[in-house]
Amino acid sequence: MVCPSSLRRGAHVVVRGGVPMIDIQRIREDPEAVKEAIATLGAEAPIDEIVNLDLKRRKLLQELEGLRQGKNETSERIGRMEPGDERQGLIDSMSGVNARIKALESALRGNEDALQRAMYEVPNLPDASVPVGADESENVVLREEGRLRKFDFEPLPHWDLGPELGILDFERGVKLSGSRFYILKGAGAKLQRALIQWMLDLHVSDHGYTEIYPPAIVKEQCMWGAGQLPKFADNIYRDVEDDLWLVGTAEIPLTNLHRDEILEAEDLPISYVAYTPCFRREKFSGGRDVRGIKRGHQFDKVEMYKFILPEESYAALEQILEHAAAVCRALEIPYRVVQMVTGDLGFTAAKKYDLELWAPGSEEWLEVSSVSNCEAFQARRTHIRFRREKGAKPEYVHTLNGSGLALPRTLIAVLENYQQADGSVIVPDVLRPYMGGMERIALEN
RNA sequence: GGAGGGAUGGCCGAGUGGACGAAGGCGGCGGUCUUGAAAACCGCUGUAGGGCAACCUACCGGGGGUUCGAAUCCCUCUCCCUCCGCCA
């Protein structure tokens, strides 16, 4: 089943003084439908608590604002009166009202804090087109492109190939920083740099993105805005002294680039591409993927990001997927497109595709891109809106993101797919201009 | 890190306790005039919450306080600028 159609639309209501998540209006109107949708994610959210807090909030507001109105009127009268007994009497009479107002304000503050906390925990709801499924095992492979190369020798995994070529060093990485760190060296480091430069150039010149160099360390607020907090706190590196957080993806600074702005409709879509290092503690990956460089605490990524009109966001999702696929095609490496089911959507996406490159040595499909439509989820959290025309009410934009692509994994795919019987690696045609014309990585390099 | 200065609406900039959601200007929108445009003149021109109609409430960097009443007074935080130190 898909999420009820009543959940797909809705006015854009913001919690006063706070930041919303999904539209609270949807919860007010049909809390049961929201709960059903969240159940398909395999997630939990305090919907009943939100409904109660929201009711309570409006009750408090009405009483409080009524009292404030009376108070304002009385203060005005006092200001116009000559000094005297009557005036003093009015002033004295205000103290009771003020005490009540203070009490209500305090209650309202507590109520809104609780409401906002609860709202922050609500995940984005799935788009109607997303298949319902419990977890990643039910994800749907939509298509596979490119021919798997036939090897007349046993292709090596990169963790053998790299060290033998002298371009990858695990021991020294561990010496410097511990497990899940490694060193790229010589042509290996250069190959990664070439990939980054080439991908950035491709997205800028062929796909119309504007290149951004953002901070990789951001304020806590940015983490909430992009949807990293509250859920993923344990996976984020943080400088406690200055309360700055290391980004796990460029999606975080890019989302926040237009925080608290009202954009002009004619400026949309805004398309950014950014290269950043990414830092993840990988607290939840346990002993998974410890071999090789597939999952490190630090990696590089080129990320595409779009701010767009709501009615155009789903077409844009397919487009970004194509932009990521274009990288795979140009590298001439087989890839496949996987659609996430509801249970594997994550916290922020309404619909998501993964793009995977085949790695013949490791013998697995490597996730090198994740392409998501977050609809207005991140825009609500960051207050990014647009106006359809002058004087029109601001509406939330939709945001999308997609890796284009994630680095060490793309590097793995290049090494493993282009390896030769003699242990050397052919440099893909598109990268040669970025490698100073180098055609092959061999030991003597 | 040390010393000093500052933060007002899209922008500039007045406002030091009482009718200020905030003068004035610029920009923008609409209108008059004009064959058209410019100029001139007139009007409008923030956001959010609640009612969901009239209307009410909140917001002058953030938070707290004093007061019947605060953009205006006090405390505190953040950010920006200038000078010194340090530095890629």
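Below, read A as the first sequence line, B as the second, and so on, with proteins coming before strands; counting in each chain starts at 1.
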### Query
Any chance the side chains of Gln298(A) and Tyr237(A) put a donor and an acceptor closer than 3.5 Å?
no
### Task
Give a yes-or-no answer on whether the side chains of Ser271(A) and Tyr305(A) include a donor-acceptor pair shorter than 3.5 Å.
no
List the atom of [X], the atom of [Y], and the distance in Å for their closest heavy-atom pair.
X         : Y         : value
Ala250(A) : Lys301(A) : N-NZ, 4.2 Å
Lys283(A) : Asp234(A) : CG-O, 3.3 Å
Gly166(A) : Lys185(A) : O-CD, 3.7 Å
Arg409(A) : Leu366(A) : O-CD1, 3.6 Å

Base partner of [N], which must satisfy Watson-Crick or wobble distances under 3.5 Å:
N      : result
G43(B) : C29(B)
U34(B) : none
G85(B) : none
U78(B) : A7(B)
A23(B) : none
C68(B) : G18(B)
C55(B) : G50(B)

Residue [X], side-chain atoms from C-beta onward, closest of [options]:
X         : options                : value
Pro394(A) : A48(B), U66(B), G51(B) : A48(B)
Ile91(A)  : C68(B), G50(B), C56(B) : C68(B)
Arg385(A) : A48(B), G18(B), A58(B) : A48(B)
Gln69(A)  : C56(B), G51(B), C68(B) : C56(B)
Leu61(A)  : G18(B), U47(B), G50(B) : G50(B)
Arg109(A) : G50(B), G64(B), G18(B) : G64(B)
Ser75(A)  : U47(B), G49(B), G69(B) : G69(B)

### Message
Using heavy-atom distances to pick each residue's nearest nucleotide on RNA chain B, tell me which of Gly66(A) and Lys102(A) is more 5'.
### Response
Gly66(A)
### Query
Taking the nucleotide of RNA chain B with the closest heavy atom to each, which residue, Glu76(A) or Asp92(A), is nearer the 5' end?
Glu76(A)
Expressed as a whole number of Å, how far does the [atom1] atom of [N] sit from that of [M]?
N      : M      : atom1 : value
G64(B) : U16(B) : P     : 25 Å
G69(B) : G61(B) : C1'   : 23 Å
C20(B) : G28(B) : C1'   : 24 Å
C81(B) : A22(B) : P     : 33 Å
G65(B) : G49(B) : P     : 25 Å
G10(B) : U45(B) : C1'   : 10 Å
C74(B) : C79(B) : P     : 23 Å
C55(B) : G5(B)  : P     : 47 Å

Would you say [N] has OP1 or OP2 under 4.0 Å from some side-chain N or O of [X]?
X         : N      : answer
Asn72(A)  : U57(B) : yes
Lys393(A) : G46(B) : no
Lys59(A)  : G50(B) : no
Arg58(A)  : C52(B) : no
Lys71(A)  : C68(B) : no

### Task
Classify the nucleic acid contact of Asn98(A) as base, sugar-phosphate or nothing, counting any heavy atom under 4.0 Å across all strands shown.
sugar-phosphate
### Query
Which is true for Ile78(A) with a 4.0 Å heavy-atom rule: it touches a base, it touches only sugar-phosphate, or it touches nothing?
base
Over how many whole Å does the gap from [X] atom [atom1] to [N] atom [atom2] extend?
X         : N      : atom1 : atom2 : answer
Gln116(A) : A48(B) : CD    : C1'   : 14 Å
Glu73(A)  : G69(B) : CD    : P     : 15 Å
Arg387(A) : U45(B) : CZ    : P     : 14 Å
Lys219(A) : G61(B) : NZ    : C1'   : 12 Å
Leu244(A) : C79(B) : CG    : C1'   : 14 Å
Glu112(A) : G63(B) : CD    : P     : 12 Å
Arg380(A) : U47(B) : CZ    : P     : 18 Å
Asp85(A)  : C68(B) : CG    : P     : 17 Å

### Presence of donor-acceptor pair under 3.5 Å, side chain of Glu65(A) and base of G49(B)
yes
### Query
Is there a donor on the side chain of Arg87(A) or the base of G18(B) sitting less than 3.5 Å from an acceptor on the other?
yes
### Query
CH2/Trp159(A) to CD1/Ile412(A) distance, rounded to the nearest 0.5 angstrom?
8.5 Å
### Task
Could you tell me if the ring centre of Tyr314(A) sits under 6.0 Å from that of His398(A)?
no
### Query
Under 6.0 Å between the ring centres of Phe386(A) and His258(A)?
no
